[in-house]
Number of protein chains: 2
Amino acid sequence: MTAEPDSALHADAARPSRREQILQAAAQLFAERGSRSVGVDDVGAAVGVTGPAIYRHFASKDAMLAEMLLRISERLLAGAEQVLTDAGDDPADQLAGLIAFQVDFALDNPALITVQDRDLGALAEADARQVRRLQRRYVEHWVGVLAALAPEASTAECRARAHALFGLINSTPHSGGRLSRPAMQARLTAMALAAATA
Amino acid sequence: MTAEPDSALHADAARPSRREQILQAAAQLFAERGSRSVGVDDVGAAVGVTGPAIYRHFASKDAMLAEMLLRISERLLAGAEQVLTDAGDDPADQLAGLIAFQVDFALDNPALITVQDRDLGALAEADARQVRRLQRRYVEHWVGVLAALAPEASTAECRARAHALFGLINSTPHSGGRLSRPAMQARLTAMALAAATA
DNA sequence: GGCACAGGTTAACCACGGTTCACGTCGCCG
DNA sequence: CGGCGACGTGAACCGTGGTTAACCTGTGCC
């Protein structure tokens, strides 16, 4: 009773059970067809339960989406900050680290990448604001590194560069799995590096 | 009577009237909130009529979306083929032309770019198939040029490169309008060129 | 054993939104 | 003038889908 085994606030590393299954299955479905087109029954069926069972784990379908997007933003932001502390002071190393991280994330979680920028608009304004705040902080880490590498460029310019790099790297969900993971990783990394220093 | 002034099949250059207004307004709304979240009433209101009035111009909301996506794919494909015939036999020139074209299109029609890859899944299978066919042909033009520039790369590899370039160029809707159009154009072009030849 | 509670189930509820209907109005053509 | 066709409107219809309600079952703990 003193220690709650799980909370709606953050990932529960201890057990990969239900709730987590639901989030994962929902992410997959949302990525394929868009959150508005996926029914609660569909999500339930994907984990072997009926629709309403979802409500034992989430307050609403919207709450489910909100938590999904929040977690993604948090993981990305935390990852970027980890990368920046691990890399030294050399902006080139930092950039390489950020690119490697984003490439890995995109290749490992194509569904999350898709959902994040497709269904942000489906969130209630309060949740959307919070997600955008996290995203902005993530972007700003990139902008900082890019600015260090190109001192002549304005902040707006660097932001545009950062978004272009995200677009490039996040293209993976669109290019089907024709290429092996290592090949894709190498290709995206090379292209992103070349584009970043253009 | 002998010459029908408009047909559902292709754009009606003669007059920018209703039907066309509707498609344009709908594209804007769909881009902002996603087609599933936009009501027929919303689209109507955007052009100053009530919801059901839409049905005087389109068989259904889905038909509207289908026509929208078909037109986009057709415009892109036609543009690419135009570019390739205008450019000479030099693959480098061809690539530059394709990039310039895609950059212009993306900067001129951010809403269409957004809708095209967000709402393809909302189409009936028959329509979706047709759109994908057109898209595939568009992509193949890029793949051909990229293959000519990098003979050692496999077709799958070139396809991945092409999608990455699309992602890069199509990032414009995400980076707000902070940068002037010419600056954005120059930046995207430079990054795309650098990435393409990486 | 029995109680509490987590986790499911089915049936019902209800709002929303696409679509259709029956009805106006305006402009043009014979 | 009379009527027809294009274009709109407000009201009604109805399927879909999120949500809730009432009820069941197993498991762990006193």
Side-chain angles (χ1 to χ4, degrees), chain A residues 1-8 12 14-27 29-30 32-69 115 119 121-124 127, chain B residues 1-8 12 14-27 29-30 32-69 115 119 121-124 127:
Chain A
M1 212 57 60
T2 45
E4 292 291 6
D6 69 26
S7 128
D12 178 29
R15 51 167 182 179
S17 159
R18 219 27 63 116
R19 190 172 169 87
E20 297 305 319
Q21 295 177 34
I22 294 176
L23 273 176
Q24 188 181 333
L29 290 172
F30 287 1
E32 287 165 8
R33 322 204 303 251
S35 71
R36 295 311 267 240
S37 305
V38 174
V40 156
D41 289 351
D42 299 327
V43 177
V47 298
V49 298
T50 59
I54 302 285
Y55 292 85
R56 296 290 167 192
H57 304 278
F58 297 92
S60 69
K61 190 186 161 189
D62 288 337
M64 196 172 82
L65 180 63
E67 180 168 338
M68 191 182 304
L69 294 191
V115 174
D119 290 308
L123 254 51
D127 294 316
Chain B
M1 217 61 47
T2 45
E4 291 291 7
D6 69 25
S7 129
D12 178 27
R15 52 169 182 180
S17 153
R18 222 23 65 113
R19 188 173 170 87
E20 297 305 319
Q21 293 177 36
I22 294 177
L23 273 176
Q24 188 181 334
L29 290 173
F30 287 0
E32 286 165 8
R33 323 204 304 254
S35 71
R36 293 313 263 242
S37 305
V38 174
V40 159
D41 289 351
D42 298 327
V43 177
V47 297
V49 297
T50 59
I54 301 284
Y55 291 86
R56 297 288 169 195
H57 304 277
F58 296 92
S60 70
K61 189 185 163 191
D62 287 338
M64 195 172 83
L65 180 62
E67 180 168 338
M68 190 183 303
L69 295 191
V115 173
D119 289 307
L123 254 49
D127 295 316

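Lettering follows sequence order; numbering is per chain, from 1.
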Distances for protein N/O vs nucleotides 24-27 of chain D N/O pairs under 3.5 angstrom?
none

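- Comparing B:His57 and A:Asp62 by the nucleotide of DNA chain D that holds the closest heavy atom to each, the one mapping nearer the 5' end is B:His57.
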Compile the donor-acceptor pairs under 3.5 Å between side chains in residues 46-55 of chain A and protein atoms, sequence neighbours left out, one pair per line.
none

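- Remark: C1' of D:dG8 and CZ of B:Arg19 are 17 Å apart, rounded to the nearest angstrom.
- Summarising the geometry, the separation between CG on B:Leu65 and P on C:dT19 is reported as 12 Å, rounded to the nearest angstrom.
- Considering every non-hydrogen atom in both B:His57 and B:Arg19, the closest pair reads O-NH1, 2.5 Å.
- In terms of heavy atoms, A:Ala63 sits closest to A:Ser60 at N-OG, 3.0 Å.
- Contact check, B:Thr50 against D:dT9: a side-chain N or O comes under 4.0 Å of OP1 or OP2.
- The nearest whole Å value for the distance from the OH atom in A:Tyr55 to the C1' atom in C:dA6 is 19 Å.
- Summarising the geometry, the separation between CZ on B:Arg56 and C1' on C:dG24 is reported as 11 Å, rounded to the nearest angstrom.
- In this structure, CG in A:Leu29 is found 11.0 Å from CD in A:Gln24, a value given to the nearest 0.5 Å.
- Using a 4.5 Å heavy-atom cutoff, the side chains of A:Met68 and A:Asp119 are not in contact.
- A:Ile54 places its CD1 atom 15 Å from the C1' atom of C:dA6, with the value rounded to the nearest Å.
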- prompt: Would A:Leu65 and A:Asp127 count as a side-chain contact (heavy atoms from CB on, under 4.5 Å) if you check the C-alpha gap in whole Å, the side-chain angles of each, and the deciding distance to 0.1 Å?
  reply: CA-CA 10 Å; A:Leu65 180 63; A:Asp127 294 316; over 6 Å; no
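- Note that the two end axes of the helix from C:dG1-D:dC30 to C:dG30-D:dC1 enclose an angle of 10°, each drawn from 5 base pairs, rounded to 10 degrees.
- Between B:Arg18 atom CZ and D:dT9 atom C1' the separation is 13 Å, expressed in whole Å.
- Under the salt bridge (charged side-chain N to carboxylate O under 4.0 Å, His left out) criterion, B:Asp41 pairs with no residue at all, not counting sequence neighbours.
- When all heavy atoms of A:Phe30 and A:Met64 are compared, the pair lying nearest together is CZ-CE, 3.6 Å.
- Taking atom CD of B:Gln21 as the reference point, atom P of D:dG8 lies 9 Å away to the nearest angstrom.
- Nucleotide C:dG7 holds its C1' atom 14 Å from the CZ atom of A:Phe58, rounded to whole Å.
- Taking all atoms of both residues into account, the shortest heavy-atom contact from B:Ala26 to B:Val43 is CB-CG1, 4.0 Å.
- Residue B:Ala53 places its side chain closer to D:dG8 than to any other of D:dG8, C:dT19, C:dG8.
- Every pair tested for salt bridge (Lys or Arg N to Asp or Glu O under 4.0 Å) that includes a residue from residues 45-64 of chain A fails, sequence neighbours excluded, so the list is empty.
- Taking OG of B:Ser35 as the start and CZ of A:Arg36 as the end, the distance is 10.5 Å to the nearest 0.5 Å.
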All N/O pairs under 3.5 Å across the protein-nucleotides 11-17 of chain C interface:
none

